[in-house]
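Start at 1 with the first residue, then count along the sequence.
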Amino acid sequence: MGLLDSLLARWRSRKRSADDSNDSIENKDKKRPRTESYTLTPDSKNSSGASNKDCDYYYYGHRVSQTESRTYEFKAGGVLFGREINQFIQKYASAFFNSGGGVILAGVTDDGIIKGVGCSSSDKDRFHYIFSDELKKFRPNVSEGMWSIRYIPVLFNDQRPKSFFNTNNLYVMEIKFSKGKTDEIYETGNHQVYLRQEGSVYGPLKPMELKKIVIAKYKEAKSSQKKESTSDVVVLD
């Protein structure tokens with residue numbers, strides 16, 4: 001088990017202990033069922049118009065083929081129009097950069113139903129500016145190629161994909177974050193670090209957790225250097 005998984009496992013263990021404690025206080029006679037990990041199951045009957053890597057459109061009310069996981073996060077979209085947008089960017093960008101990359105689908109409910117987000121041209125410009133401005137504060141530097149926002153039109157059932165003109169101004173926002181450099185830890189402008197786990201974000205990390213990650217990355221880098229130097233050795237008969 002890697003250090004990242006070990007930290008997340010300890011966090012889930014602490015969370016389960018807290019849940020058990022709350023259960024015993026609130027329900028002495030009857031214990032509530034507890035879900036250890038939050039994983040969604042798609043409905044295959046309603047998967048028409050579902051997402052794929054090169055999806056050109058979605059259908060309103062249908063279900064995406066993905067489930068919330070370590071690499072996928074669903075958001076209804078309201079957070080993008082509120083005061084919390086900067087904190088939202090900090091939290092999820094740091095988590096995905098530090099945990100292998102991932103995608104946020106804004107305009108999709110928690111159970112995977114496509115609703116879309118109403119976006120005008122000025123909204124799109126505003127989102128790009130806010131994302132770009134916030135990510136410029138990250139350390140180490142985040143290049144433009146490490147993130148992207150794609151606006152995928154949401155159609156209604158009576159609209160034909162090849163002939164429609166998107167007068168709905170309704171989209172699924174596909175916000176992608178790539179994997180950061182292996183030997184780097186990406187922190188927000190507020191010097192906070194997050195990690196991604198199955199269907200949620202863990203953080204901000206505590207100083208001791210950060211210290212352990214730094215040590216682990218240093219050992220990993222030294223090990224890689226040693227392997228590379230060994231592979232460069234030429235043995236002569």
- Between Lys176 and Glu174, does at least one N-O distance fall below 4.0 Å, as a salt bridge requires? yes
- Got Thr71 and Val103 here, is their nearest side-chain heavy-atom distance under 4.5 Å? no
- When you measure from the side chain of Asn98 to the backbone N and O of Ser94, does any donor-acceptor pair fall under 3.5 Å? yes
- Message: How long is the straight-line distance from OG of Ser143 back to NZ of Lys136, given to the nearest 0.5 Å?
- Response: 12.5 Å
- Query: When rounded to the nearest 0.5 angstrom, what distance separates CD1 in Ile213 from CE in Met208?
  - Reply: 12.0 Å
- Note on the structure: Distance col, row Leu135:CG vs Asn141:CG, nearest 0.5 angstrom, shows 11.0 Å
- Closest non-hydrogen contact found for Leu80 with Phe127 is O-CE2, 3.2 Å
- Message: Could you check whether Thr188 and Asn190, counting side-chain N and O atoms only, form a donor-acceptor pair closer than 3.5 Å?
- Response: no
- Task: Using the rule that two of Ile, Leu, Val, Met, Phe, Trp, Tyr join whenever any of their side-chain heavy atoms come within less than 4.5 Å, decide whether Ile113 and Val79 are in one cluster.
- Result: no
- Item | Which atom of Tyr58 lies closest to which atom of Ile114, heavy atoms considered | CD2-CD1, 3.2 Å
- Report yes if the side chains of Asp56 and Ile152 come closer than 4.5 Å at any heavy-atom pair, otherwise no. no
- Item | Residues Glu184, Arg139: salt bridge by 4.0 Å N-O rule | no
- Message: Ignoring hydrogens, what is the shortest heavy-atom contact between Gly145 and Ser178? Give both atom names and the distance.
- Response: O-OG, 4.4 Å
- Task: Would you please say whether a donor-acceptor pair under 3.5 Å links the side chains of Glu209 and Tyr202?
- Result: yes
- Task: Indicate the ring-plane relationship of Tyr57 and Tyr59, choosing parallel, tilted or perpendicular according to the 30° and 60° boundaries.
- Result: perpendicular
- Student check: side-chain heavy atoms of Tyr72 and Leu105 closer than 4.5 Å: yes
- Task: Please name all residues satisfying salt bridge (charged side-chain N to carboxylate O under 4.0 Å, His left out) with Lys91, sequence neighbours left out, ordered by chain then number.
- Result: none
- Query: Are the charged groups of Glu73 and Lys75 less than 4.0 angstrom apart, N to O?
  - Reply: yes
- Item | Shared hydrophobic cluster for Leu205 and Ile215 (ILVMFWY, side-chain gaps under 4.5 Å) | no
- Task: Indicate whether any N or O donor in one side chain lies under 3.5 Å from an N or O acceptor in the other, for Ser122 and Ser120.
- Result: yes
- Task: Specify whether Phe177 and Phe131 have parallel, tilted or perpendicular ring planes, treating 30° as the upper limit for parallel and 60° as the lower limit for perpendicular.
- Result: parallel
- Query: Would a 4.5 Å heavy-atom cut-off, applied to side chains only, mark Val117 and Tyr171 as touching?
  - Reply: no
- Query: What is the minimum heavy-atom distance between Phe74 and Gln66, and which atoms define it?
  - Reply: CZ-O, 3.6 Å
- Query: About how many Å separate CZ of Arg70 and CG of Leu195, when rounded to the nearest 0.5 Å?
  - Reply: 8.0 Å
- Query: Does anything in residues 119-128 pair up under salt bridge (charged side-chain N to carboxylate O under 4.0 Å, His left out), and if so which pairs, sequence neighbours excluded?
  - Reply: none
- Measuring from Trp147:CH2 to Phe97:CZ, what's the distance to the nearest 0.5 Å? 9.0 Å
- Item | Side-chain donor-acceptor pair present, Glu134, Gln90, cut-off under 3.5 Å | yes
- If you take all heavy atoms of Leu170 and Lys115, which pair is closest and at what distance? CD2-O, 3.6 Å
- For the residue pair Phe81 and Gly118, what are the closest heavy atoms and their distance? CZ-O, 3.4 Å
- Message: Is the distance from the ring center of Phe156 to that of Tyr60 below 6.0 Å?
- Response: yes
- Any donor-acceptor pair under 3.5 Å from Arg196 side chain to Ser69 backbone: yes
